[in-house]
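Everything below concerns the one structure shown next.
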Amino acid sequence: MKIIFFLMPLILSGFLIGGNWDALLAGAYTATGIGGSTGMITTPTAKTGWDNSDLGFAVGYHFITDNDYSHAPTITVSFMKQADIGFAFDAQGPKGDDFLFHAKWNFYSAGEAALAAGANIQAVRFNMHDAPEPFGQAYLAFTYLGDFFGMPAQTSILFGKTLGRGYYNGDIDFSMSFDLNLFPDYLQNYLHWISDFANYSYTVDPNGTSHERRGAFNTGFRIVVLKGDERFKLNFDLLVTDFFDEGERSFVIGTMFGYAIL
């Protein structure tokens with residue numbers, strides 16, 4: 001896993017090159033992840049949900065299952081073409097329910113590149129009898145739109161810091177995510193392969209990822225039902241979290257619906 005962690009940025013940077021930006025932008029798609037923030041699976045990106053609308057929203061839901069289960073409904077509101085705020089509820093049955101509030105500001109966007117600053121506040125119950133404990137995360141995210149073997153791709157890198165009980169001052173959050181629009185000439189932008197590699201998850205008490213401070217590789221497919229529509233979004237996710245670790249691997253199904261109001 002450590003080898004993959006260090007080689008992935010080098011591999012991707014070698015293949016992500018400039019291309020036909022009109023075609024690449026036509027194949028770009030933004031959706032919310034498990035925690036509700038616009039991004040991949042557990043990783044926020046620098047993109048917002050509606051960068052072509054002054055006001056829009058997205059509602060989502062993910063079901064995570066291994067030996068346990070989790071229901072994660074989310075709602076995210078985007079405004080001024082550059083900001084997201086939202087809420088996620090992570091119902092983990094006997095493990096206790098968690099709450100997550102998130103916000104992100106895309107303060108720089110120029111064609112294929114974007115930068116954003118974000119934060120989330122978590123109220124986590126490690127079992128149903130515990131009182132909620134506060135945690136928080138602040139981060140910077142960089143997203144770049146490129147070309148991978150002729151297919152549109154978005155790559156994002158995130159650096160952040162999680163604060164709360166049990167987190168050391170020297171710990172740094174890092175993730176790299178990848179969204180590949182698979183064979184758009186044949187599949188017509190309907191199918192995306194999305195992956196992220198991160199040493200954190202959507203909360204500090206996730207279902208489907210190791211609780212230890214270590215990297216997890218999450219991957220799967222995002223099926224875009226409503227593509228190229230300026231007002232509506234609809235997609236379905238078929239995912240695996242912590243893919244390489246048998247004891248922590250989980251399966252995820254999810255969906256998101258979005259509407260641009262203004």
Side-chain angles (χ1 to χ4, degrees), residues 1-35 37-52 82 84 104-118 137 139-160 172-184 187 189-202 209 215-224 227 235 237 239-244 256:
M1 293 294 290
K2 291 182 179 179
I3 294 174
I4 295 174
F5 177 85
F6 287 111
L7 288 184
M8 186 178 287
L10 298 176
I11 294 171
L12 293 179
S13 64
F15 285 109
L16 285 173
I17 58 176
N20 185 334
W21 294 117
D22 291 336
L24 294 175
L25 290 170
Y29 183 81
T30 55
T32 55
I34 296 174
S37 184
T38 302
M40 300 305 148
I41 301 170
T42 64
T43 302
T45 66
K47 294 289 187 178
T48 59
W50 294 97
D51 55 9
N52 61 344
Q82 61 181 144
D84 280 350
K104 177 167 57 180
W105 174 41
N106 173 209
F107 60 87
Y108 174 82
S109 185
E112 67 276 13
L115 289 168
Q137 183 194 45
Y139 63 83
L140 289 172
F142 168 74
T143 296
Y144 180 77
L145 185 63
D147 187 307
F148 186 84
F149 287 109
M151 294 178 285
Q154 287 190 87
T155 300
S156 295
I157 296 175
L158 180 147
F159 290 94
I172 300 296
D173 297 337
F174 174 84
S175 65
M176 188 169 192
S177 61
F178 190 50
D179 177 353
L180 183 63
N181 185 354
L182 288 171
F183 308 108
L187 300 179
N189 303 319
Y190 282 109
L191 186 62
H192 291 235
W193 174 38
I194 59 174
S195 301
D196 53 32
F197 188 96
N199 67 347
Y200 63 93
S201 192
Y202 62 98
T209 303
F217 177 68
N218 312 304
T219 190
F221 296 102
R222 177 163 284 165
I223 303 167
V224 181
K227 59 182 180 62
N235 62 267
D237 294 341
L239 311 169
V240 182
T241 61
D242 215 346
F243 181 82
F244 289 122
M256 187 209 76

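- Of the inter-residue distances, the one linking Asp179 atom CG with Thr43 atom OG1 reads 12.0 Å to the nearest 0.5 angstrom.
- Side-chain contact check for Gln154 versus Lys47: some heavy-atom pair is nearer than 4.5 Å.
- Judged purely by atom type and a 3.5 angstrom limit, Lys104 uses its side chain to pair as donor or acceptor with the backbone of Thr38.
- Taking CD1 from Ile223 and CG from Asp237, the interatomic distance works out to 8.5 Å, rounded to the nearest 0.5 Å.
- Inter-residue side-chain proximity for Leu158 and Pro44 is flagged as met; some heavy-atom pair is nearer than 4.5 Å.
- The aromatic ring centres of Phe174 and Tyr200 sit 6.0 Å or more apart.
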Full working for side chain to side chain donor-acceptor pair (under 3.5 Å) between Asn106 and Thr48:
CA-CA 7 Å; Asn106 173 209; Thr48 59; 5.1 Å; no
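- Taken from OH in Tyr202 to CG in Asn218, the straight-line distance is 10.5 Å, to the nearest 0.5 Å.
- Residue Ala216 comes nearest to Asp242 through the heavy atom pair CB-OD1, 3.5 Å, listed as atom of the first residue, atom of the second, then distance.
- For the 3.5 Å distance criterion, the side chains of Thr219 and Ser195 qualify, holding a donor opposite an acceptor.
- Proximity of Ser109 to Gln82: side-chain heavy atoms (C-beta onward) are nowhere separated by under 4.5 Å.
- Environment of CZ in Phe107: crowded, with over 12 heavy atoms of neighbouring residues, nucleotides or ligands closer than 6.0 Å.
- Note that CD1 of Ile194 is 11.5 Å distant from CG of Leu180, once rounded to the nearest 0.5 Å.
- Counting only N and O atoms by type, the side chains of Thr45 and Ser156 include no donor and acceptor under 3.5 Å apart.
- Heavy-atom minimum distance, Ala31 versus Asn235: CB-OD1, 3.5 Å.
- Between His192 and Tyr29, the ring planes are tilted. Angles from 30° to 60° get that label.
- Looking at every heavy atom in both residues, Ser175 comes nearest to Ala198 through CB-CB, 3.4 Å.
- Distance check, rounded to the nearest 0.5 Å: CE of Met40 to OG1 of Thr30 gives 9.0 Å.
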Working note: Phe178 + Phe197, criterion side chain to side chain contact (heavy atoms under 4.5 Å, CB included); need CA distance, chi angles, decisive distance, verdict.
CA-CA 9 Å; Phe178 190 50; Phe197 188 96; over 6 Å; no
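- Side chains of Asp173 and Tyr139: a donor-acceptor N/O pair is absent below 3.5 angstrom, by distance only.
- There is no side-chain donor-acceptor pair under 3.5 Å between Ser177 and Asp196.
- Judged by distance alone, the side chain of Asn181 and the main-chain N or O of Pro184 form no donor-acceptor pair under 3.5 Å.
- In Phe243, the CZ atom is not crowded: 12 or fewer heavy atoms of neighbouring residues, nucleotides or ligands sit closer than 6.0 Å.
- Note that OH of Tyr144 is 9.5 Å distant from OG1 of Thr155, once rounded to the nearest 0.5 Å.
- In this structure, Val224 and Asn189 have side chains that are not in contact, with every pair of non-hydrogen atoms separated by 4.5 Å or more.
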